[in-house]
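A, B, ... follow the sequence lines: proteins, then strands. Residue 1 opens every chain. Below, all heavy atoms of this structure are taken into account, side chains as well, without hydrogens, waters or symmetry copies. All values derive from a computational prediction rather than experimental measurement.
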Amino acid sequence: MTFQALPGFRDFAPEDLAFRNHILAAWRRVARRYGFEEYDGPPLEPLELYTAKSGEEIVGQLFDFTDKGGRHVTLRPEMTPTFARMVSARANGLRKPIRWFSVPQLFRYEKQQRGRLREHFQLNCDLVGEAGPLADAEVIALAIDVCRELGLTAADFRVRLSDRRVIQALLVGAGLDPAHHPAALGVVDKLERLDPEARDRAFAGAGLMDYIDAVVDMAVVRSWDQLEDLAERYRVDVSATELRQVHDALGEMGLYEFVEVDLSIVRGLAYYTGTVFELFDRQGKMRAICGGGRYDTLLQSLGGVDLPSVGFGMGDVVLGELLKDRGLRPAAAAGTEVMVAAVTAEDLPATLGLAHELRDAGLAAEYAMNGVALGKQLRQADARGARLAVVIGPDDRATGMVQVKDLHEKTQVAVARDAVVAHCTATLGTS
RNA sequence: GUGCUUGUAGCUCAAUCGGUUAGAGCGCCGGAUUGUGGUUCCGGAGGUUGCGGGUUCGAUCCCCGUCAGGCACCCCA
């Protein structure tokens, strides 16, 4: 009988967990750098938390079941409802703007594909209580800096920046009734993946055949000039003030090269009210690394407090694939700092004593348990990444000395037994 | 959930038209080396060819089913 992990779920062997921790540590470093505080909620939530706003349809995408108390529960598919609940309950007492982040493991019952599993870790950053465009720029800058922190450059990824207020103004200018905007946004969201024929079918399916040109014209806007031309053609006032301010603010931060205005970005979720953005790899062969935007009415509808908000989510799967693709997967950290080696079986008790003293001093120490030849033990020391090896033989014990080898510098010195721990601590501390 | 496609050692791959005991590199283990490491040399372990069934004298190879991965759809955290 053999077993394997469920489809879409991952085992994390030490090498894999080291990589995951590498990503999550970068998330936390950068979020704290921006003054964000970490929170968490339950991984299991009442099903109603998600069906209340999204409807029963999403149950098909959830890991839900009935618990022994008869409650209908589900593994959390997203963090926003939990976040809304927690912030709403405390909003009156929290100084604004509220900067909170979380690194939850989220679950979704969907057929897995590359970059999309049934479980992933996601950095969630939300800034609540500030309606101005600098809040939008702040969270976008955070997302960019996470990627930079991990070694990615402007040659590797970009932010595609848009604003639903601008999109909707253009659609109104083209004569499209606001009631049809959600359908139009739904088509725009997948526009770049469709060939002309499929595109026409999508528009027909949405009942928007008469607006194909208008919607496509809007979606191809990549510059201020194009935007102004379009606004002029529709004789509509599209100042795009907020979008320009977000863009300018990121430029002031020195992040201009990472950001491109792109009105084809609309985001699938209905609750975005202003700025929307996504991070993509430059080659455009992967799914989005990160997505987010402004949602000024969501907290009101979910938690009852009326506060403007902006935030994003960034998963570990696509990001990890991009890092691996760019050779940015770090070498595994050394597990052992000092290998204590015994020359003969009679020396083994002495190695046990020294290894434990080293461990008490906070160093990662190991010794060979199976009495293999000294050369073998030193080879093990290399394999384990140890910087130092301490050799103890009968001669050393007779003289009260040990031999300390620096495996990187290829040097060896005799050190008094009583001074070994201090010697190792000093050597490792200065490297 | 639907369609297409792939599945050989821990990893990357090979195996003639369906034909003898399924091979190689890397990795792993051991030895050369009984007080000194990464190189080198020698040796070894490791396979129900994803799993189950069918066709055939004979199946890694052809057919069916199933499981898993990939791609597309659906959906988008």
For a quick check of understanding: with a heavy-atom distance under 4.0 Å over all strands, which category does A:G8 fall into, base, sugar-phosphate or nothing?
sugar-phosphate
As a test of reading the structure: which of B:G35, B:A77, B:G37 is closest to the side chain of A:Q122, going by heavy atoms?
B:A77
Which one is paired to B:A9, where only Watson-Crick or G-U wobble pairs with both distances under 3.5 angstrom count?
none
What's the closest nucleotide to the side chain of A:V391 if the choices are B:A68, B:G38, B:U36?
B:U36
Base, sugar-phosphate or nothing for A:G393? Non-hydrogen atoms, less than 4.0 Å.
base
Salt-bridge contact A:D16-A:R329 (side-chain N to carboxylate O under 4.0 Å):
yes
With rounding to whole Å, what would you report as the distance between B:U60 and B:U16 at their C1' atoms?
14 Å
How long is the line joining CZ of A:F83 and P of B:A77, in whole Å?
17 Å
Atom-pair distance (CE on A:M286; C1' on B:G70), nearest Å:
14 Å
Pair A:F9-A:F63, ring pair (Phe, Tyr, Trp, His ring centres under 6.0 Å): steps then yes or no
CA-CA 13 Å; A:F9 285 78; A:F63 267 97; 5.6 Å; yes
Using atom CZ of A:R397 as one end and atom C1' of B:G35 as the other, report the distance to the nearest whole Å.
13 Å
Taking a pair as Watson-Crick or G-U wobble with both distances under 3.5 Å, which nucleotide is matched to B:U56?
none
Nucleotide paired to B:G35 in any strand shown, Watson-Crick or G-U, under 3.5 Å
none
So what does A:K376 hit on the nucleic acid, given a heavy-atom distance under 4.0 Å: a base, only sugar-phosphate, or nothing?
sugar-phosphate
Roughly how far, to the nearest 0.5 Å, is NE2 of A:H181 from CG of A:L208?
9.5 Å
Please state how far atom CD in A:E409 lies from atom P in B:U36, giving the value in whole angstrom units.
22 Å
Below 4.0 Å: OP1/OP2 of B:G69 and any side-chain N or O of A:Q113:
no
Out of B:G35, B:A77, B:G1, which nucleotide sits closest to the side chain of A:K111?
B:G1
Spacing of A:W27 atom CH2 relative to B:A77 atom P, expressed in whole Å
15 Å
For atom P, what is the distance between B:A24 and B:A45, given to the nearest Å?
12 Å
Spacing of A:L279 atom CG relative to B:A77 atom P, expressed in whole Å:
15 Å
Under 4.0 Å between any heavy atoms, over every strand shown, what does A:D396 touch: base, sugar-phosphate, or nothing? Just pick one.
base
Is A:D316 salt-bridged to A:R10, cutoff N-O under 4.0 Å?
yes
Same-atom distance (C1') from B:A9 to B:U56, integer angstrom:
29 Å
Distance to the ring centre below 6.0 angstrom and angle to the axis at most 45 degrees; does that hold for A:R160 and A:F280?
yes
Ionic contact status for A:E260 with A:R222, cut-off 4.0 Å:
no
Parallel, tilted or perpendicular, judged at 30° and 60°: which one describes the rings of A:W100 and A:F83?
perpendicular
Can you tell me if the side-chain N/O atoms of A:Q112 get under 4.0 Å from OP1 or OP2 in B:G70?
yes
Once you apply the 3.5 Å cut-off to both distances, tell me the Watson-Crick or G-U wobble partner of B:G70, or none.
B:C4
Among B:A68, B:G37, B:A72, which nucleotide sits nearest the side chain of A:R287?
B:A72
Answer for the Watson-Crick or wobble partner of B:A14, both distances under 3.5 Å, is none
Hey, does A:L117 reach any base, or is it just sugar-phosphate, or nothing, if we go heavy atoms under 4.0 Å?
base
May I ask you to decide if the ring planes of A:H22 and A:F19 are parallel, tilted or perpendicular, using 30° and 60° as cut-offs?
parallel
A:Q377 has an atom CD; how far is it from atom P of B:U34, in whole Å?
13 Å
Considering only heavy side-chain atoms of A:D382, the closest of B:C74, B:A68, B:G38 is B:G38
Integer angstrom distance from the P of B:A22 to that of B:G50:
15 Å
Which part of the nucleic acid, if any, lies within reach of A:E110 when heavy atoms closer than 4.0 Å are counted: base, sugar-phosphate only, or nothing?
base
Report which part of the nucleic acid A:Q403 touches: base, sugar-phosphate, or nothing (heavy-atom distance under 4.0 Å, all strands).
base
What's the gap between B:A14 and B:C73 when it is taken at their P atoms, as a whole Å value?
29 Å
Pairwise C1' distance for B:G43 and B:G7, with rounding to whole Å:
32 Å
Watson-Crick or G-U counterpart of B:U21, or none if no pair lies under 3.5 Å:
none
The residue, A:P7 or A:G313, whose nearest nucleotide of RNA chain B is more 5′ is A:P7
Test: A:R164 cationic atom under 6.0 Å from A:Y272 six-membered ring centre, within 45° of axis:
no
Touch check for A:Q412, heavy atoms < 4.0 angstrom, all strands: base, sugar-phosphate only, or nothing?
base
On the nucleotide B:C73, are OP1 or OP2 found under 4.0 Å from the side-chain N or O atoms that A:K190 carries?
no
Between B:C76, B:G69, B:A32, which nucleotide gets closest to the side-chain atoms of A:R379?
B:A32
Nearest to the side chain of A:E78, heavy atoms from C-beta on, is which of B:A77, B:C76, B:G35?
B:A77
Hey, which sits more toward the 5' end of RNA chain B by its nearest nucleotide, A:R267 or A:R114?
A:R114
Taking only the P atom of each, what is the distance from B:C76 to B:G18 in whole angstrom?
47 Å
Distance check, C1' atoms only: B:G27 and B:G46, in whole angstrom units.
12 Å
For A:L374 and B:G35, what is the distance between atoms CG and P respectively, to the nearest whole Å?
8 Å
Counting only Watson-Crick pairs (N1-N3 plus N6-O4 or O6-N4) and G-U wobbles (N1-O2, O6-N3), all under 3.5 Å, who is the partner of B:G46?
none
